[in-house]
Each structure stands twice: as structure tokens, then as C-alpha cells.
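Heads up: the structure comes next, in C-alpha cells.
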Amino acid sequence: MSTPASTATLKPRRLVLEMPEYHPPLAGREALRLDFNENTLAPSPLVLDRIKQITAEQLTVYPEREPAERKVAAHLGLDSNQVLLTNGVDEAIHLICCAFLEEEDEALIATPSFFMYDVSIAMMTRGLIKVQADETLQFPFERFIAAINERTKLIIVASPNNPTGATVSRAQLLAIANAAPHAVLMVDEAYFHFHGETVLGDLATTPNLIVARTFSKAYGLANLRIGMLAASPEIIGYLRKVSSPYNVNGVALDCLSVAIEDDAYITWYAEHIRMGRERVMGALDEMGVHYFPSAANFVLMKIGPLHKELVAAMRRRGVLLRDRSADPGCDGYVRITVGIGNQVPRGLEALKASLNEIGWRPMYGFTTTESKDEQEF
Ligand code: PMP
């Protein structure tokens, strides 16, 4: 038997050694899940019916992505060569970075935002440029545009953004795309259904635009891992090259095909989330909790130094929140997902009781209305 080779010299790429890791707190989530911005109810009933019909033989074959891509493209009024289905938007971000970033390139994001951008970009280049929002947490448009230069090859903007729920107007997004014709702009529309504004209709006239959508949120399919990218056939061609042909499993593809036929369900769910969001923001006003007015299915609350205590107290009451304090510019902020139906009063009652229990008092001398006026919905 040969001795195992020494691992002393075994090293991944330098950038892999340096890149950050993302470990979302997924353990022990048997509770009211107001922590991950998932659908907190269920996908369309058509999806469950479809899953029950999956046969053993179907599980034995490799998945074929294209038929589902044709359906999704038709549903969105696009050609099928403009759509790539991915293993969630997480994989979509990864594929874009693989296809478009050289080690000497720069990639531009605004912070705070979704952490997977940092991870996938840092895997390819040290040139991650972050433009930090000021204390209003609005998208820093002027400084963002000013950060574009000839080395910029990838720009990612989430609208609505996570964790803030802030939006970036269509006009601003197109201005960014036009200011960087040598870069691709990925607009992350993961929370599109709770807002309603999209740049999907601008693909034909904006050659460097990529739109990302997920089926993890309104569609309630987070566990199936399915998302999509829409762009020009040329861009999708490059992304297809770097993707595995089997990146999305066949159960997810089958379920997606029926899920997109049930527009009524998505409209119903999104409408209830918008109503719930108003109720949550109204209750926060009453409690004196400052928050960022959100266009998504969550609200970012400014709790202050007792943020950890609040999350722990809520967990004891069976309600999960997400502490966002470690996000840049978010010290003391906690995010609450908007639930559906009686989850909203349940969450709010727990919040009131928990704030009381931990001795929280309104400590910020400003009201939420000023920032609400500035924010467009
Ligand atoms: N983009 C944003 C802005 C998100 O918040 C999330 C999920 N937290 C994703 C993308 C990832 O979505 P998916 O489940 O499709 O990977």
C-alpha cells in the first residue's frame, strides 16, 4: 500500500482561499418562519398534485431543462433562447461570475445587499467594489454610477433589495446599464412579485441587461432550488456554456411547468403579502419601531443594541426573525418576513410581547414617515 501523498502543497486557487463563506442559520426552524423571506404557506396546489404523480421511472432519467424553459419563456413573452433555468438565483449569480469575470476585472454592487454576490464575485476576482448606502439605506445611485469605470465588467443590483426592501427605479437601472455598455448588469428581481416593477421589457433594447427571477419566494419552491435568468440569446448562450446541462432536477422542472400555469395563486399570495406588509408597517409605527419602508415580503426594523435579545425572545415564542446586524450599515437591524393570514397578527403579537419582555423602548428620535415619503412604491 502506498503512503498517502502529503497534503501540505494541496491548495485551491488563491481566490478560493480568500473568499468568504456563507453559512445561513438553517438549524432548528420548526417555528413560524419569519426569517428567510420564503413563502410561509405553500406553493400552488397544482404543484403538490404534480409531485404526487412523479413515477419511479421519472426519477431514473436525467432531467431535460429545455421544455420547461420554453414554457417559462412563453409565459414571460420571451424567446426560449433568452431564458436559462438555474439551481436558484444563487447558481445564476455564480454562472454569471464564471462567464464574465476575469481576475483583473471589477464587479460593482451596492451594500447592504444579498451576500451571495460577495461570495461568487470574490471567487473570480479581488476587484469587488462595494458602494455603501448612507444611513437612509436608499440605493446610492449617484455614487454607484460614479464608481463605474473601464475595468467594471459586472454590476449587480437587487430591486427590491434584500435586506432593506429598497427599490431602484427602472429609469435608474437603465441609466446604469447605459453608463456601462462594456459590463453586464444583472438586475435581481427575486422579490418582483411583491413590488411589480420590472425591466424584463427592456431586454430587447438593453443588450447588456440580465434579469434574474427566483421561484423560491412568491412561488413557494425554495426547497426545489429553481430560478431563472433572462437576457439576450448571446448572453444566455455564454451562460449555458458554463452551466451543467442537469443543473435543475426534473422534479423541480415538472413542478415549475405547472406552477407558472397558476397565475391566480401567485396574484393571490402577492396581494396578501402586500396587505400584510402594510399591516406590519402600521403596527411598527404604533410601537415606535423605526423601519425601512419595504417593497418586498419583509421589513427591516431598527431595533438597536437589543437586537440579539429580541431574536432570542421571539424564538422562545416560536417565531423566527433574522438578525441583520452584521450587514454593512445595519448595526441593530432585524428583518421580519411578512407572513400570510393569521401569521401576521401572530408575529406582531409575539413582537410586542418580546419587545416588552426585553425592556425595549423607542430610542430613535425620528419617525418613519419622512423616509416613507422618499421611497417610491
Ligand atoms: N437574490 C436575492 C436578493 C435574495 O434575497 C435571494 C434569497 N435570499 C436570492 C437571490 C436567492 O434566491 P434562490 O433561492 O433562487 O437561490
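Every value quoted in this text rests on a predicted model; they were computed, and no experiment measured them. When a ligand or atom number is given, it counts from 1 through the structure's own listing order. Position 1 is the first residue of the sequence, and the numbers go up from there.
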Next item on the list: Kindly confirm or rule out an N or O of D90 lying under 3.5 angstrom from an N or O of ligand 1.
Entry: yes
Item checked: Region of D188 that comes within reach of ligand 1 [heavy atoms, distance under 4.0 Å] -> side chain
Item checked: Region of K217 that comes within reach of ligand 1 [heavy atoms, distance under 4.0 Å] -> side chain
Check: Side chains of E103 and T125: is there a donor and an acceptor less than 3.5 Å apart?
Finding: no
Next item on the list: State the atoms of ligand 1, each with its element, that fall below the 4.0 Å cut-off from a heavy-atom position in A190.
Entry: 1 (N), 2 (C)
Check: Given side chains that start at C-beta, do those of S294 and R277 come closer than 4.5 Å, heavy atoms only?
Finding: yes
Item checked: Whether Y219 and F215 hold their rings parallel, tilted or perpendicular, with breakpoints at 30° and 60° -> perpendicular
Check: Does the N or O separation between R225 and ligand 1 drop below 3.5 Å for any pair?
Finding: yes
Notebook entry, point to check: Have R335 and N162 got a donor and an acceptor in their side chains that come within less than 3.5 Å?
Noted result: yes
Item checked: Heavy atom of E91, distance to ligand 1 below 4.0 Å -> no
Margin query: Does only the side chain of N162 get under 4.0 Å from ligand 1, or the backbone, or both, or neither? Count heavy atoms.
Written below: side chain
Margin query: Side chains of N37 and Y191: any donor to acceptor distance under 3.5 Å?
Written below: yes
Next item on the list: Classify the contact between Y191 and ligand 1 as side chain, backbone, both or neither, using a heavy-atom distance cut-off of under 4.0 Å.
Entry: side chain
Check: For V89, is at least one N or O under 3.5 Å away from an N or O on ligand 1?
Finding: yes
Check: Under 30°, 30 to 60°, or over 60°: which ring-plane class applies to Y246 and Y62, parallel, tilted or perpendicular?
Finding: parallel
Item checked: Per-atom contacts of ligand 1 with S216, taking only distances under 4.0 Å to non-hydrogen atoms -> 13 (P), 14 (O), 15 (O)
Check: Would the F144 and F141 ring centres measure less than 6.0 Å apart?
Finding: no
Item checked: Pair R170, S159: side-chain N/O donor-acceptor within cut-off below 3.5 Å -> no
Notebook entry, point to check: Judged by modelled atom types alone, do H94 and N87 share a side-chain donor-acceptor pair under 3.5 Å?
Noted result: no
Next item on the list: Distance to 0.1 Å, residue and atom name: give those for the protein heavy atom nearest to atom 6 (C) of ligand 1.
Entry: F114 CZ, 3.5 Å
Check: Looking at ligand 1, does G88 have a heavy atom less than 4.0 Å from it?
Finding: yes
Item checked: Nearest non-hydrogen protein atom, atom 15 (O) of ligand 1 -> T214 OG1, 2.5 Å
